[in-house]
Amino acid sequence: MNKIFADLPVTIFEAMSQAARDLNAINLGQGFPDDPGPLDIREKAADAVLNGYNQYPSMMGIPELRQAISTHYAHWHGVQLDPMTEVMVTSGATEALAGTLLGLIKPGDEVLVFQPMYDSYVPIIRLAGGIPKFIRLEPPHWLLPEEAIRRAITPKTKYVVLNNPLNPAAVVYPRENLEMLARICQEFDLIAVCDEVWEHVVFDGRQHIPLISIPGMRDRTVKIGSAGKIFALTGWKIGFVCAAPHILRVLAKAHQFLAFTTAPNLQVAVAYGLGKSDDYFFTMRAELARSRDRLSEGLSQIGFPVLKSQGTYFVNVDLAPLGLNETDEAFCKRLVTDHKVATIPVSAFYEEDHVTSVVRFCFSKKDATIDTALERLSRVLNG
Ligand code: PMP
Ligand code: GLN
């Protein structure tokens with residue numbers, strides 16, 4: 001058996017969702033909304049299942065969706081992508097990430113990875129024979145540290161993986177920080193693999209800046225997105241990869257043997273969704289920001305030190321000032337067992353040199369779910 005996978009635990013998201021089911025707890029762990037998603041987009045998918053084409057589509061994705069992705073990014077970010085040679089549809093961002101890393105990395109290549117990191121990156125880097133080099137981000141700002149990045153680079157460094165907006169830290173990276181990373185990529189001839197699944201889930205008027213849009217990065221960036229997060233349809237698993245033709249050609253070779261293609265009916269519906277008016281996206285952000293505020297204010301009132309969330313479905317609490325003498329993992333275990341609220345310990349997003357005081361809460365839930373969770377959490381700090 002392959003040790004890389006045999007030695008891995010079940011993901012923290014799966015483990016916490018299972019604990020929530022077993023213990024009948026409110027699940028503020030794994031990131032998904034507790035509503036069925038936008039009705040018009042679901043109706044498009046239903047219509048495409050009944051009346052549309054349901055056989056294998058092109059392995060690159062249906063042309064309407066590739067065009068819609070290209071038009072969407074031109075409109076929102078001024079990035080011009082040729083839909084035929086620079087855009088590919090995948091079975092979720094997870095497949096896009098796996099195909100990208102497997103397609104690019106050669107044995108011995110070093111890959112810079114920022115911790116906290118999404119859990120799928122490192123096993124796939126290792127499967128490809130790559131060597132992850134970890135750079136630690138820290139609360140409360142979680143910014144990319146130039147000195148540490150420069151220290152981690154060797155002649156073998158070939159790639160950097162960036163997740164922006166960052167799950168779990170809920171940071172939307174500012175332009176200066178991205179420009180610093182872009183300068184380093186150009187100075188050391190690195191390709192950036194950008195996991196931007198949370199690109200539309202940004203709050204308070206913030207703008208997501210794709211690294212591919214920074215001067216000099218157009219031909220050395222792989223941009224990965226997911227309809228699951230853009231439309232709050234997390235189970236759909238429709239992802240996108242955008243990159244210059246000479247890169248995308250290689251990623252397509254990996255994709256053809258990983259998933260090969262993706263449900264055509266859902267692709268039709270996502271193509272429709274990407275063309276929705278700006279208002280739709282701004283309303284979605286405003287509604288989620290309201291839920292963020294409801295949970296954040298409730299947690300603060302209870303006495304939890306809340307780190308402000310700039311984007312994603314998540315808000316974090318830093319336990320350090322509370323002096324609980326308990327790791328995030330022990331705290332989350334106690335929360336789900338004794339108080340019936342499932343959350344995610346942020347240390348699970350570190351491979352080494354863990355930050356062990358931060359706990360992630362998912363707020364993309366109905367008001368009643370948030371309120372019941374807060375009521376239960378109100379008993380945590382006073383015994
Ligand atoms: N990357 C990040 C940072 C995520 O948070 C997630 C899931 N929310 C994914 C990738 C996976 O996305 P998908 O469900 O489209 O595979
Ligand atoms: N991205 C989701 C989260 O952060 C989890 C997806 C998964 O379970 N792999 O909660």
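Because the structure is predicted, anything quoted here is derived from the model rather than measured. Atoms within a ligand are numbered from 1 in the order they appear, just like the ligands themselves. Scope of the values below: all heavy atoms of this structure, side chains included, with no hydrogens, waters or symmetry mates.
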Stepwise salt bridge (charged side-chain N to carboxylate O under 4.0 Å, His left out) test for R220 and D189:
CA-CA 8 Å; R220 57 171 70 251; D189 195 19; 3.1 Å; yes
Would R294 and D367 satisfy salt bridge (charged side-chain N to carboxylate O under 4.0 Å, His left out), going step by step from the backbone distance to the final call?
CA-CA 8 Å; R294 192 177 191 93; D367 286 355; 3.5 Å; yes
Are any of the side-chain heavy atoms of V270 and W236 separated by less than 4.5 Å?
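They are in contact (side-chain heavy atoms under 4.5 Å apart), so the answer is yes.
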Tell me, do V122 and F134 make a side-chain contact under 4.5 Å, heavy atoms counted?
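V122 reaches F134 side chain to side chain.
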Just wondering, more than 12 heavy atoms not from N51 lying within 6.0 Å of its CG?
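Counting other residues, nucleotides and ligands, CG of N51 exceeds 12 neighbours.
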Ordered by chain then number, the protein residues lying under 4.0 Å from ligand 1 by heavy atom are G92, A93, T94, Y118, N163, N167, D195, V197, W198, S226, K229, K237
Please enumerate all residues that pass salt bridge (charged side-chain N to carboxylate O under 4.0 Å, His left out) together with E64, with sequence neighbours excluded.
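Partners of E64 by the salt bridge (charged side-chain N to carboxylate O under 4.0 Å, His left out) criterion come out as none, since no residue qualifies.
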Using heavy atoms and a strict 4.0 Å limit, residues surrounding ligand 2 turn out to be F13, Q30, G31, Y118, N167, F314, R360
List in chain and number order the residues that pass ring pair (Phe, Tyr, Trp, His ring centres under 6.0 Å) with F5, two or more places apart in sequence or in another chain; answer none if no residue qualifies.
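F5 satisfies ring pair (Phe, Tyr, Trp, His ring centres under 6.0 Å) with no other residue.
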Can you see whether F32 has K365 sitting over its ring - NZ or CZ less than 6.0 Å from the centre and within 45° of the normal?
yes
Residues D109, K106: salt bridge by 4.0 Å N-O rule
yes
